[in-house]
There are 2 protein chains.
Amino acid sequence: MMLSKKTKYALKALHYLAEQPGDQPVLIADLARAENIPKKFLEFILLSLRKGGILQSRVGKGGGYSLAQPANRITIGAVINILEGNIAPVQCLDTTNQAHCEECLDEKTCGIRLVMTDVNIALSQVLNNLTLTDMVERAEAARNKQQNIVDFSI
Amino acid sequence: MMLSKKTKYALKALHYLAEQPGDQPVLIADLARAENIPKKFLEFILLSLRKGGILQSRVGKGGGYSLAQPANRITIGAVINILEGNIAPVQCLDTTNQAHCEECLDEKTCGIRLVMTDVNIALSQVLNNLTLTDMVERAEAARNKQQNIVDFSI
DNA sequence: ATCATATCTATTAAAAATATAGATATGACA
DNA sequence: TGTCATATCTATATTTTTAATAGATATGAT
């Protein structure tokens, strides 16, 4: 149930973009350097996110990538969906792609599917309600907390 | 967030074992045939489950595998934990193995970690409360339902 | 026209998941 | 005690997926 490196890179990049004042566009190269992500791999990730409607881009001087929607409208679930193809713990629960588990003889009576339905619901619940804003705010809060502790100890 | 084939095989095998009357031991070969799982791969899976305390085995004539605990005490979460190593969506949340995300500079302020904590809690909640019994019962209920529909149509 | 940028196509490399083979240990039973 | 049926172990091969790289092209600003 582990997030892929690709998805983590995506979340890091989005985090960075969400923190840009005035949604100023950022160059792939800068983003790659700032978040320590292989540039060519990041290119591909950003392109996916753009095609998924989460990012927008501009070519040429002054160009770069920026969020295509307000950060509080971009859910973590949407990001995972774009990069991993779906969120479901088993293919037969991936409704958006109408996928099926090859080895399964009868989906309707499959015990695995019947229990994983609960997992799927719980996951959707959480992931579709967490947004980039949550991520940014929580990180900031954590930094502040850490900062305060340091300040007091001086 | 997809279950591996290995874990699915494990759940299928456990399902089959849970349905044995009187917890009668089942041969690897029979289990492999019944659930259509590559035998050698299944051997490895069953061994893991035994080492994890979920199954017990006996060598020699009349031997085989059976559940080491009542089916309603074996959680789906425990099974996944044994086969995938953990349940957490990111390594740094895998407390049992005290793992960390290599690329992460500061875990405490990592936004990904902070949002994935919610996911982790939700997953644990569900997976540690679903048992083999749930799986078996739901499958049976689904079969009955299907059966009834057929009966009526005759 | 030039330069800075994203975009596309193709390929390679590395890692993980899945599957197989063969030898060995264990226990039941005659 | 010997034989057979079984799980167990060690090693390796195969396949699939993930991650990373390279080079050519399209686009837009100035």
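In what follows, chains carry the letters A, B, and so on, assigned in the order in which the sequence lines appear, proteins first and then strands, with residues in each chain numbered from 1.
- Of the side-chain N and O atoms in A:Y9, none sit less than 4.0 angstrom from OP1 or OP2 of D:dA19.
- Distance, A:N86 CG to D:dT17 P: 13 Å, rounded to whole Å.
- For A:K40, counting side-chain heavy atoms from C-beta on, the closest listed nucleotide (D:dC9, D:dA7, D:dG23) is D:dG23.
- Note: CG (B:L42) to C1' (D:dA7) measures 12 Å, nearest angstrom.
- Here B:K5 does not reach the OP1 or OP2 of D:dT16: none of its side-chain N or O atoms lies under 4.0 Å away.
- The interatomic distance linking B:Y65 (OH) with D:dA7 (P) rounds to 7 Å, in whole Å.
- Nearest to the side chain of B:R50, among D:dT8, C:dC8, C:dT20, sits D:dT8.
- If you check C:dA4, C:dA28, D:dA19 against the side chain of A:K61, the one that comes closest is C:dA4.
- An OP1 or OP2 oxygen of C:dC8 is reached within less than 4.0 angstrom by a side-chain nitrogen or oxygen of A:K51.
- When distances run from any side-chain atom of A:I28 to the nucleotides C:dT20, C:dA6, C:dA28, the shortest one goes to C:dA6.
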task: Could you walk me through whether A:V119 and B:L123 pass the side-chain contact (heavy atoms from CB on, under 4.5 Å) test, one step at a time?
output: CA-CA 7 Å; A:V119 176; B:L123 272 177; 3.7 Å; yes
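- In this entry the distance linking NZ of B:K39 with P of D:dT8 reads 12 Å, nearest Å.
- Between the CG atom of A:L83 and the P atom of D:dT17 there is a distance of 17 Å, rounded to whole Å.
- Distance B:E43 CD to C:dA23 P: 15 Å, rounded to the nearest Å.
- We find that CE of B:M2 is positioned 19 Å from P of C:dA16, with the value rounded to whole Å.
- If you check every strand for non-hydrogen atoms under 4.0 Å, A:L27 touches sugar and phosphate atoms only.
- Phosphate proximity of D:dT8 to B:S57: present, with a side-chain N or O under 4.0 Å from OP1 or OP2.
- The existence of a salt bridge linking B:E43 and B:K40 is confirmed by a sub-4.0 Å separation between a basic side-chain nitrogen and an acidic carboxylate oxygen.
- Within the 4.0 Å cut-off from OP1 or OP2 of C:dT26, not a single side-chain nitrogen or oxygen of B:R58 is found.
- Among the nucleotides C:dA25, C:dA19, C:dA6, the one closest to the side chain of B:V59 is C:dA25.
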